[in-house]
*Asks:* 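Submitted below is the structure of interest, expressed as structure tokens.
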There are 2 protein chains.
Amino acid sequence: MTERLTTTSYAVLAQVAVHPWSTYELAQQRVRYFRYVWPRAESAIYREVKRLSSMGLLEGKKEHVGKRARTVYSITDKGREALRKWLATPVSPFAMDFEAMIRLFVAPLGTKDQIIATLQQVRGDAREMLRFSGQIKQEFLEGRAVTQDQVYIRALAVDFFISLLNMVEAWAERTLAEIESWDDLSPDGKNERALEKIRGLPVTPESVETTPVPPRAQLRPRRGERRA
Amino acid sequence: MTERLTTTSYAVLAQVAVHPWSTYELAQQRVRYFRYVWPRAESAIYREVKRLSSMGLLEGKKEHVGKRARTVYSITDKGREALRKWLATPVSPFAMDFEAMIRLFVAPLGTKDQIIATLQQVRGDAREMLRFSGQIKQEFLEGRAVTQDQVYIRALAVDFFISLLNMVEAWAERTLAEIESWDDLSPDGKNERALEKIRGLPVTPESVETTPVPPRAQLRPRRGERRA
DNA sequence: GGGCTATACTCCAATTTAGAGCAAAATATG
DNA sequence: CATATTTTGCTCTAAATTGGAGTATAGCCC
């Protein structure tokens, strides 16, 4: 048990800051909070609350439902202080896990149907998450969200998700349309059209340098706060 | 050393399928290929090529530069076959690590300057990656990309990235504008406006059910191919 | 010939993950 | 009302993964 706080620690602290939770609820309700921005194993949450509580950043109270015990955690002043300090440090850059891209890359090895199925999955996932976002939106509009008093902040996050998901959905849609218009997955006669497509993609023109340097963003630590 | 192939295995196979690479190049050039869709530790790549090679999916040839040995890997037919089989299985859903969202969530604990700095980082990261995407775009337009013969597929991926990055950049931009227009980070009088903002967010209307079920997308395995 | 950086890895401790287990409570089913 | 199933509320562990330290040669530049 190290004393080092990771982003996962702060995610748990942030969620508990909303109001007290039992560990089980905390693990379940992550969906509503940070499942989509900081997905971690369930067992990691159970481990984390213990750690944070032993460090005095959370306070655990044992409760009983019949014979079965459960622990309800609340954030302490020290915990809030830790969050405050964290806010002054640099953020780690965003990253994705997007397996479908790797499949697209090697798509010509497989069949047209296979890559279409993959893209339909992506589109389906985006739509499902959009439906979920729609529920969150409704909760706020109807004034029944748990963090109703924080709409002014939450709105910014909801905006992000809906934009992201709409973008993914739209991309999957137009990519499906493109691929469905093909006879097969061979390159025959498709590259000309593709170059036109690429030419049209909007990259802010300023400084398309030739230095093939990987973006510096990648040099800041990605997960924990390990220092060099 | 298990025999199980993970998405990381397929990412390496996919990259080697382009042309033979030395392990070092492979690890370095991941930026160009799957760094942004499947970011993994460098040491994982070194481990993976050995594993794949012991399984006969890659073939390693020792070369010498003076006294120093290096291994150049090429994909085997068996390796291509593995990729082909993989394409028939279901994709794992996309996921993000986006620490800035957690910070936004607890932003009122900190200062306005802090959350502004965080959002500027996000915008900066997006811009940097956009610049990198711009270089890729240029490579294709000038016909000097390594996978020039695959533009018709690559264009679809480049489209995705540029859309994603522009979306992130635009979101960061408008969120910064919003926050900069505030006097402070207190909720005072901001929630009305926020509700209007939320109301305007485009969620496809079909079926905004009230069942607060977490999207099924999350139930498919995220990383490896573990079966239930 | 000294210093620096790039190449080319290996190794390892510390985390982190996915999932198996276990037990009690609540709910459904016959 | 007896029994089966599901949900709650966790703990434990093997296996995988990570970030970094370490080692060593090569090739430049001054």
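Chain letters run A, B, ... following the sequence lines, proteins first, then strands; residues in each count from 1.
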*Asks:* Is any side-chain heavy atom of B/Asp97 closer than 4.5 Å to a side-chain heavy atom of A/Pro39?
*Replies:*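 Yes, at least one pair of side-chain atoms sits under 4.5 Å.
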*Asks:* Between A/Phe105 and B/Trp38, is the gap from one ring center to the other below 6.0 Å?
*Replies:*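 Ring-ring flag for A/Phe105/B/Trp38: false, centres at least 6.0 Å apart.
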*Asks:* Side-chain contact test, heavy atoms from C-beta onward, threshold under 4.5 Å: evaluate it for B/Val158 versus B/Phe161 and give yes or no.
*Replies:*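 Heavy-atom side-chain distance check fails, nothing below 4.5 Å.
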*Asks:* Between protein and nucleotides 6-12 of chain D, map the contacts as a letter string: B base, S sugar-phosphate only, - none, heavy atoms under 4.0 Å, written 5' to 3'.
*Replies:* --BBBBB
*Asks:* Please collect all salt bridge (Lys or Arg N to Asp or Glu O under 4.0 Å) contacts where either partner lies in residues 157-167 of chain B, sequence neighbours excluded, each pair once.
*Replies:*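 Residue pairs with at least one partner in residues 157-167 of chain B: A/Arg174-B/Asp159, A/Lys197-B/Asp159.
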*Asks:* Rounded to whole angstrom units, what separation is found between the CG atom of B/Asp97 and the C1' atom of D/dG19?
*Replies:*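 Distance check: B/Asp97 CG to D/dG19 C1' gives 15 Å.
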*Asks:* Check A/Ile75, A/Thr76, A/Leu57 against A/Leu52 for a side-chain contact (heavy atoms from CB on, under 4.5 Å) and give me the one that passes.
*Replies:*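 Answer to the side-chain contact (heavy atoms from CB on, under 4.5 Å) test with A/Leu52 among A/Ile75, A/Thr76, A/Leu57: A/Leu57.
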*Asks:* Using the closest heavy atom to pick a nucleotide of DNA chain C for each, name whichever of A/Lys67 or A/Ala44 lands nearer the 5' end.
*Replies:*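 Its nearest nucleotide lies further toward 5', so the answer is A/Ala44.
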*Asks:* Axis-to-axis angle across the helix from C/dG1-D/dC30 to C/dG30-D/dC1, five pairs an end, to 10 degrees?
*Replies:*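 End axes: 30° apart.
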*Asks:* Whole Å only: how far is the NE2 atom of B/His64 from the P atom of D/dG27?
*Replies:*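 Between P of D/dG27 and NE2 of B/His64: 14 Å.
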*Asks:* Without decimals, in angstroms, what is the distance between B/Arg40 CZ and C/dT16 P?
*Replies:*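 Taking CZ of B/Arg40 and P of C/dT16, I get 14 Å after rounding.
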*Asks:* In this structure, how many angstroms lie between the P atom of C/dA14 and the CD atom of A/Glu48, rounded?
*Replies:*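 After rounding, the reported distance stands at 18 Å.
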*Asks:* Nearest-Å distance, CZ (B/Arg4) to P (C/dT17)?
*Replies:*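 Distance, rounded to whole Å: 15 Å.
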